[in-house]
A.B. asks: 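Here's a structure for you.
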Amino acid sequence: MRSSQYCLLGALLSLLPFSSAAPSAGVRIPGHATVVSKRSLFSNYTFVIAGGGIAGLTLADRLTEDPNVTVLVIEAGPIDFGQDGILVPGNFQPWWYFWPGLETVPQAGLNNRTPDAIAARVVGGGSTINAMVYLRGDADDYNAWGALGNPGWSWQNMLPYFKKAETFTAPDPALAAAGNITWDSSVRGTSGPVQYSYPNFFYPGSANWWNAANEVGLPPVQDPLAGKKQGVFWIPSTLDAQTMTRNHARINHFDRVKSSRPNFHLLTSNVVTKVLFNGKNAIGVNYLSTTAINMSCPSTVYAAKEVILAAGGFGTPKILQLSGIGSKKLLDSFSIPVVSDLPGVGQNLQDQPTLSIPYTFTSNISPNYGTLLTNATYAAEQRALYDSSRQGPYTLISSVSSNIGVVSLQQTTSSYRQIIADARRRNPADSLPRDADPAVVRGYAAQREALLKQFARADVGVGTLHWDTDSTALVYHLKPLSRGTVTIKSTNPLDSPVIDFRTGTDPADVAVYTALFRKNRELFAAPSMQALGPVEASPFGANLTTDQEIYAVMRDLINPTNAHQCCTAAMMPRDKGGVVSSDQKVYGVKGLRIADASIWPFQLSGSPMATVYAAAERLADIIKREHRLAGAP
Ligand SMILES: Cc1cc2nc3c(=O)[nH]c(=O)nc-3n(C[C@H](O)[C@H](O)[C@H](O)COP(=O)(O)OP(=O)(O)OC[C@H]3O[C@@H](n4cnc5c(N)ncnc54)[C@H](O)[C@@H]3O)c2cc1C
Ligand SMILES: *[C@@H]1O[C@H](CO)[C@@H](O)[C@H](O)[C@H]1NC(C)=O
Ligand SMILES: *[C@@H]1O[C@H](CO)[C@@H](O)[C@H](O)[C@H]1NC(C)=O
Ligand SMILES: *[C@@H]1O[C@H](CO)[C@@H](O)[C@H](O)[C@H]1NC(C)=O
Ligand SMILES: *[C@@H]1O[C@H](CO)[C@@H](O)[C@H](O)[C@H]1NC(C)=O
Ligand SMILES: *[C@@H]1O[C@H](CO)[C@@H](O)[C@H](O)[C@H]1NC(C)=O
Ligand SMILES: *[C@@H]1O[C@H](CO)[C@@H](O)[C@H](O)[C@H]1NC(C)=O
């Protein structure tokens, strides 16, 4: 159904004087930051932000520090109501707020399977439903983004924003000593909005895994947030140490400031359907209710200074394409008038694929994560402990243990030089869809070279190893060379986009991921894990010995997504298929920026959340400086 069909009634109503699109004279504006209803919106804000996830709420908080600025955030999802499954790590239930219907096309590199993509649809975005893993990239990640033609991006530039974004609360010293938790206070924030700390419990078997990792060349890392983390460490978690509950963007960038910000409006359960232009100037957006779609027609709200997209790795390219910003060929095929011909929009899709490897044990130690699942007495006892004193396994996010390892390619396999040499011989264009635009191919070739340089470095990770202390080892592939696409399916803004991760289509990814699998196997074969009698279980098993045999099984099991989608509106020079400049302005138009993980050129050696928070802090300063707002640095 096209928007023009379902909103006919709305269109007629909007001609009447009481229409919501009319200036809101006479509407009483509450004196604090507000979850607004459509009727109490202003018709004109200083900034309108599409998407109230991590980037959107961080930016709105910082921009409304200037009382003369008004900001409207339009968020597709509802506001969470502090459910146990959101706040209590051990009772983690993310699926309540998954974006519905995000199907993938058959994945050519994964035996044509069609696993669903995952994205948040809730105020706070991913921070409200994610696994709370709070890691930065390695220093070279930001330096390499800078070297791709993005002045102002480097580890040195990001570090102050990482610190500004956060407050770290140290663990109890006795726990830190017993558990091997270490950190470097000089790289950790002390007064920012995002609260993080560590769980106060570890399963005894996690020590076996830690020691086995040491035995196979993964040393303890003093601080994984200091710009390199090749080895093993405790996982920093977005826990509020006072309550041992989740600290997400709804809490740290909306609730925290709402009593003092009458200029911060949040409209929930509405999707931005397109950006409106006057010539090449972005002047506002259309939006549509997700709960009353049959009654409403897109409404309009204006932005005096800028429209900022923060709708995430799938949402942002979709809004751009619906607004006439994207490849001319694509836009023509939907008869969407071209505002800016940017072939890179919706290209360059990347995630960080995951693989679960099942194990059985002849002599595992109890309690372990499985005890919580199988022994109701233990689970009840531990929940009571959490409720009374905020101690125990419920401070760990469900299914995730306390420690983790990140490996460089040279730590992973002695054939790393061969993998790099083979990848270098390949024509980069062969790794992209056949119809990729020449500018996009040039940009990808530059990215590929930057990544292959990283593959040769000892201080950049390519994979993550983890054991839940029970029946599952997890291996993440952090730095894929394969590139996917996200494109609109129709002009109906309520339709899901077409998502093609193209995971495992580049042979180098197959080689790296197989090597990561073998590294996990090596770790489980080390003496400290052998003490537990692990047996690699079906469909894997010791009888799979060649790379081909191993990958044949992996291909059926790799999950193309860890919900870390990024890079679909990349920050690169325009002649390299870039969509935004280094100050995150969309090429070819005025008054439009992108704030979320869509702008990253390529994946980090780490998980995304901390970088999204910090990059939004950085962007807030750039915008404040440019518009001479209060609090500009
Ligand atoms: C289940 C899950 C587990 C994860 N685990 C971790 C983890 O442990 N550690 C980590 O670092 N990262 C994790 N991530 C990823 C991390 O949360 C994301 O990378 C991060 O949230 C991205 O931030 P963002 O601002 O780019 O987008 P989001 O935080 O996704 O925000 C985008 C927002 O825009 C809204 N939106 C989309 N389209 C529209 C539209 N048209 N109009 C209005 N609103 C729109 C969405 O509803 C969403 O709220 C996880 C994600 C998920 C979903
Ligand atoms: C807000 O605007 C008024 C009027 O233009 C100006 O006098 C005042 O200094 C501004 N406040 C800030 C914090 O910029
Ligand atoms: C911590 O490190 C020490 C020394 O390597 C080791 O003996 C111990 O088992 C480790 N404990 C945990 C919980 O990792
Ligand atoms: C809209 O109308 C269709 C068909 O009449 C109906 O199936 C659907 O549930 C309605 N959706 C909403 C959100 O009311
Ligand atoms: C919005 O407000 C600004 C500043 O007050 C003004 O310049 C602009 O014309 C307004 N735009 C609309 C569409 O009302
Ligand atoms: C289950 O947990 C309880 C409480 O910790 C413990 O006493 C009991 O031995 C456990 N049962 C089994 C079968 O492990
Ligand atoms: C490995 O063993 C399993 C279970 O015995 C069997 O199904 C599988 O075919 C074997 N694979 C190979 C490559 O030998």
Side-chain angles (χ1 to χ4, degrees), residues 109 135-150 153-155 227-230 313 344 347-353 406-413 415-433 436 440-464 475-485 501-516 560 562 564-568 570-573 576-578 597-608 611:
L135 290 173
R136 299 171 187 164
D138 287 330
D140 190 67
D141 288 327
Y142 311 99
N143 296 339
W145 288 357
L148 284 169
N150 298 306
W153 283 86
S154 67
W155 169 255
K228 64 185 173 112
K229 52 175 155 330
Q230 287 61 52
Q347 304 292 303
N348 204 42
L349 171 62
Q350 295 157 61
D351 206 305
Q352 296 181 316
V406 170
V407 283
S408 66
L409 192 57
Q410 44 185 285
Q411 265 169 318
T412 308
T413 171
S415 28
Y416 75 97
R417 286 196 190 83
Q418 190 61 47
I419 291 176
I420 296 168
D422 289 348
R424 226 173 230 129
R425 270 197 299 278
R426 184 175 165 88
N427 178 359
D430 293 343
S431 291
L432 296 181
V440 172
V441 176
R442 281 194 296 276
Y444 173 68
Q447 282 191 24
R448 195 178 163 90
E449 187 48 37
L451 283 161
L452 292 178
K453 283 198 181 114
Q454 290 199 327
F455 287 9
R457 293 179 70 122
D459 59 356
V460 178
V462 298
T464 300
V475 179
Y476 300 76
H477 182 197
L478 298 177
K479 292 271 182 183
L481 295 181
S482 300
R483 292 291 180 270
T485 58
F501 285 113
R502 299 184 77 254
T503 306
T505 54
D506 191 297
D509 288 352
V510 173
V512 170
Y513 216 165
T514 309
L516 288 166
N562 197 18
H564 294 181
Q565 56 274 2
C566 74
C567 312
T568 48
M571 174 174 68
M572 301 264 289
K576 292 204 167 100
S598 307
I599 66 132
W600 300 1
F602 55 75
Q603 282 284 7
L604 300 169
S605 175
S607 55
T611 298

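Predicted, not measured: the structure shown is a model, and the values here were computed from it. When a residue number appears, it is its place in the shown sequence, counting from 1. The analysis underlying the following values was restricted to heavy atoms, covering all of them including side chains, and did not include hydrogens, waters or symmetry mates.
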A.B. asks: Counting only heavy atoms from other residues, nucleotides and ligands, does the tally under 6.0 Å from CZ of R417 exceed 12?
C.D. replies: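 Atom CZ in R417 is not crowded, with 12 or fewer foreign heavy atoms closer than 6.0 Å.
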A.B. asks: Step by step, would you call R483 with Q447 a side-chain contact (heavy atoms from CB on, under 4.5 Å)?
C.D. replies: CA-CA 11 Å; R483 292 291 180 270; Q447 282 191 24; 2.9 Å; yes
A.B. asks: Got a second to check how far F501's CZ is from S482's OG, nearest 0.5 Å?
C.D. replies: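 That separation rounds to 12.5 Å.
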A.B. asks: So, does Q230 use its side chain to make a donor-acceptor pair with the main chain of K228 at under 3.5 Å?
C.D. replies: no
A.B. asks: Apply side chain to side chain donor-acceptor pair (under 3.5 Å) to the pair Y476 and S607, showing each step before the final yes or no.
C.D. replies: CA-CA 10 Å; Y476 300 76; S607 55; over 6 Å; no
A.B. asks: CH2 of W155 to CG of D138: how many Å apart, nearest 0.5 Å?
C.D. replies: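 Separation between the atoms: 8.0 Å.
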A.B. asks: Once you round to the nearest 0.5 Å, how far does OH of Y513 lie from OG1 of T412?
C.D. replies: 12.5 Å
A.B. asks: Working to the nearest 0.5 angstrom, can you tell me the gap between D422 CG and R424 CZ?
C.D. replies: 11.5 Å
A.B. asks: Treating Q347 as the side-chain partner and T485 as the backbone partner, does any N or O pair qualify as donor plus acceptor under 3.5 Å?
C.D. replies: no
A.B. asks: Here's a test for you: under salt bridge (Lys or Arg N to Asp or Glu O under 4.0 Å), which of D351, D141, D506, D509 qualifies with K479?
C.D. replies: D141
A.B. asks: How far apart are the C-alpha atoms of F455 and Q410, what are their side-chain angles, what is the distance that settles it, and do they pass the side-chain contact (heavy atoms from CB on, under 4.5 Å) test?
C.D. replies: CA-CA 8 Å; F455 287 9; Q410 44 185 285; over 6 Å; no
A.B. asks: Would you check, one step at a time, whether the test side-chain contact (heavy atoms from CB on, under 4.5 Å) holds for S431 with R426?
C.D. replies: CA-CA 8 Å; S431 291; R426 184 175 165 88; 2.8 Å; yes
A.B. asks: What orientation do W600 and W145 show, parallel under 30°, tilted 30 to 60°, or perpendicular over 60°?
C.D. replies: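 The arrangement is tilted - the two ring planes meet at 30° to 60°.
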A.B. asks: Going by atom types alone, do S408 and Y416 pair a side-chain donor with an acceptor below 3.5 Å?
C.D. replies: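 Checked: S408/Y416 side chains show no N/O donor-acceptor pair below 3.5 Å.
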